[in-house]
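A short worksheet on the structure shown next.
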Protein chains: 2
Amino acid sequence: MDSTVRLSDVAKRAAVGVGTVSRVLNGSANVSAATRQKVLHAIAELGYVPNLVARSLAANRTGLIAAIIPVIGNTQHSEVIQGMTDVLHAHGMNLMIGASGYSDQVELQVIEAFLARRPDAIYVTGVRHSEAVRSTLQRSGIPVVEGSNLTDRPIDTVVGYSNFNASVDLTRLLINRGYRRIWYVTVTRDFDDRIDDRLEGFRSAVSTGLELKTDVIRCENSFDGGAEAVRLAMASNVGVEAMIFATDVMAVGGLLECQRRGINVPARLAIAGFDDLTIAASINPSLTTIKVDRVDLGRKAAEIIVNRLQGNDHSSRIVDVGFQVVERDSTRRP
Amino acid sequence: MDSTVRLSDVAKRAAVGVGTVSRVLNGSANVSAATRQKVLHAIAELGYVPNLVARSLAANRTGLIAAIIPVIGNTQHSEVIQGMTDVLHAHGMNLMIGASGYSDQVELQVIEAFLARRPDAIYVTGVRHSEAVRSTLQRSGIPVVEGSNLTDRPIDTVVGYSNFNASVDLTRLLINRGYRRIWYVTVTRDFDDRIDDRLEGFRSAVSTGLELKTDVIRCENSFDGGAEAVRLAMASNVGVEAMIFATDVMAVGGLLECQRRGINVPARLAIAGFDDLTIAASINPSLTTIKVDRVDLGRKAAEIIVNRLQGNDHSSRIVDVGFQVVERDSTRRP
DNA sequence: CTGAAAGCGCTAACAT
DNA sequence: ATGTTAGCGCTTTCAG
């Protein structure tokens, strides 16, 4: 454990060359069992801990993966990170994390800071990035994994699900349940392709239904924002029957506002969300939403990275982890 | 941006020595304005990006901070990380993150893996660790910051709040509001000193009230667990008047169960939680709980680290960020 | 199968 | 103020 012990000390102690110690450390086959034992012994006696910084420089490989998500203190994105660390840790790799704050500029800054540390690969949230980000990432020469959405033109590899399709399916579910006057509530913020695609999915799904009466409004992505949206819907005189929220946070906020105002959900107003936060299944009534296994998405992203780094490059450039429309009570017509 | 450009290339281009380039890179004062300009020019022309791995080895300082939290996909702990990355990024440092999964063993493994990467400092969640962890951390020779709780015997430095005192204050609030038959709901899990201290705080606060009728039960730390606790309380024939949950997750689960069963909160049953999840302020009725600014806690932890690393060692070894008892409707006697 | 030697790209004395 | 040089601790040829 004493960090002043170097590889050369181990070599001396075991009476072998430094190359040999390095070989046993890296599991090279070309070491006799006897020598290996001697070295292992010396390592244990000295409490030697390899200096991974020196290894990184010499081997031109750090074992560090960089990941960028919009905000860290946010379950949806942190769950992906949890999944990534799970598999990376199992492979002796570690994760550096950074937040873009939903900003183009910050994203670029964070990426540049990361690249200076020579990560072996990088994960970025989303599939639409500024040109600067795209080219920086491309020129980096390391595997790039984009996540949490899908695109047919990834920078390198993408692992996610189609926010567009999910939104289409969710909207169609409501239409099939008989709802005709539907409001869609999206977020007052740019630079988030998941949110954008969800809105486009809604628009696409309702574009053919001539008998539909729909509208799109924007609110803050918070419980309060969702409550505000419900207030707006109730204040309007168009007789809104259903509201689809771009996020569960807003949907739950809307649902709670309905509780407060005695609006029966779904009898008077149906509500659907997106993300399947844990609360979605527990709230009253339980919330219809889109579910994605985000921890698994993170695991898959890390597995792709590990495979690429080990030279197993047979994996697809586009990995669809799928989604699930979870119908619950908030949209079940009485 | 081309990572094949080295510092020596810049030196050649600017017609100066490598030492000089290193000096302007590290902001040394001993460089004339003219030379600095020449170097800056060459850097821009070549698109040079310093190799921080090489710097780390040569300077014996990585600019990497390691942080370990129980689970990453969990707002309470991720918010701390968000705060840390905010200030670290502003200082050109980056964060490696790992999860202990509430396991002694895993915590030690992750710490050892991190130390091999020679971080400049390390943050660990909680203040009670195995002897192996304590001694490993102590021998590491780098600043160690423990967080999210308080202790008078930190490994090195601790920044947090007293879970014990918060629990005492919360319990006393209920007693002052006239509640006498109080159940405390804790978590079925070991190795979490925050949860342990909250329980002890409750015990301490009720130990003197002879007229009190209290009990402690254990449930899973989930919405369902909280609901289960409410069911148990209702099924008992001791006339529980108030329930204090060790976490907001359980408290919210309990509250939702009350909604379902038509149990009036707080008239029939008062409910209090811990953590001030965002939902606590929005749920019906709003939830009395303990609030801590966790993002700020993370910022403070990072500031302590940055200061220590810059040699400003005047900061205290024990930093109390405080907590706030937030009384809301769920405990306000009608 | 093993040892010796040459770097990896940078920083930090040490000269000048 | 600036150039030169010796490492930082490891991996990886290259011989043998």
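Labels below follow one simple rule: chain letters A, B, ... track the order of the sequence lines, proteins then strands, and each chain is numbered from 1.
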May I have the distance from [X] (atom [atom1]) to [N] (atom [atom2]), rounded to whole angstrom?
{"X": "B:Arg6", "N": "C:dC8", "atom1": "CZ", "atom2": "C1'", "value": "10 Å"}
{"X": "B:Lys12", "N": "D:dG3", "atom1": "NZ", "atom2": "C1'", "value": "15 Å"}
{"X": "B:Asn51", "N": "C:dC10", "atom1": "CG", "atom2": "P", "value": "6 Å"}
{"X": "B:Arg118", "N": "D:dG9", "atom1": "CZ", "atom2": "P", "value": "9 Å"}
{"X": "A:Ile43", "N": "D:dC10", "atom1": "CD1", "atom2": "P", "value": "10 Å"}
{"X": "A:Asn30", "N": "C:dG3", "atom1": "CG", "atom2": "P", "value": "13 Å"}

Can you tell me how far [atom2] of [Y] sits from [atom1] of [X], rounded to the nearest 0.5 angstrom?
{"X": "A:Arg194", "Y": "A:Ser148", "atom1": "CZ", "atom2": "OG", "answer": "6.5 Å"}
{"X": "A:Glu146", "Y": "A:Asp156", "atom1": "CD", "atom2": "CG", "answer": "8.0 Å"}
{"X": "B:Met93", "Y": "B:Thr85", "atom1": "CE", "atom2": "OG1", "answer": "13.0 Å"}

Output one letter per nucleotide in nucleotides 11-16 of chain D: B when a protein non-hydrogen atom lies under 4.0 Å from the base, S when only the sugar-phosphate is that close, - when neither is.
BBB---
Give a yes-or-no answer on whether the side chains of A:Arg308 and A:Thr157 include a donor-acceptor pair shorter than 3.5 Å.
yes
Test item: side-chain donor near acceptor, A:Asp86 and A:Gln82, under 3.5 Å
yes
So which atom in [X] and which in [Y] form the shortest heavy-atom distance, rounded to 0.1 Å?
{"X": "B:Ile43", "Y": "B:Leu25", "value": "CD1-CD1, 3.6 Å"}
{"X": "B:Met84", "Y": "B:Ile305", "value": "CE-CD1, 4.1 Å"}
{"X": "B:Thr35", "Y": "B:Ser32", "value": "OG1-OG, 2.5 Å"}

N or O in side chain of A:Ser32 less than 4.0 angstrom from C:dT2 OP1/OP2:
yes
A:Asn60 side-chain N/O to C:dC8 phosphate OP1/OP2 under 4.0 Å:
no
Using the side-chain heavy atoms of B:Val31, tell me which of these nucleotides is nearest: C:dT2, D:dT2, D:dG9.
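The answer is D:dT2, which lies nearest to the side chain.
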How is A:Ala34 classified with respect to the nucleic acid when contacts are heavy atoms under 4.0 Å: base, sugar-phosphate, or nothing?
nothing
Counting any heavy atom closer than 4.0 Å, what does A:Val16 reach on the DNA or RNA strands: base, sugar-phosphate only, or nothing?
sugar-phosphate
Between B:Lys300 and B:Asp296 (salt bridge meaning N to carboxylate O under 4.0 Å), is one present in this structure?
yes
To the nearest 10°, let me know how far the axis at one end of the helix from C:dC1-D:dG16 to C:dT16-D:dA1 is tilted from the axis at the other, five pairs an end.
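Overall, the helix from C:dC1-D:dG16 to C:dT16-D:dA1 bends by 40° from one end axis to the other.
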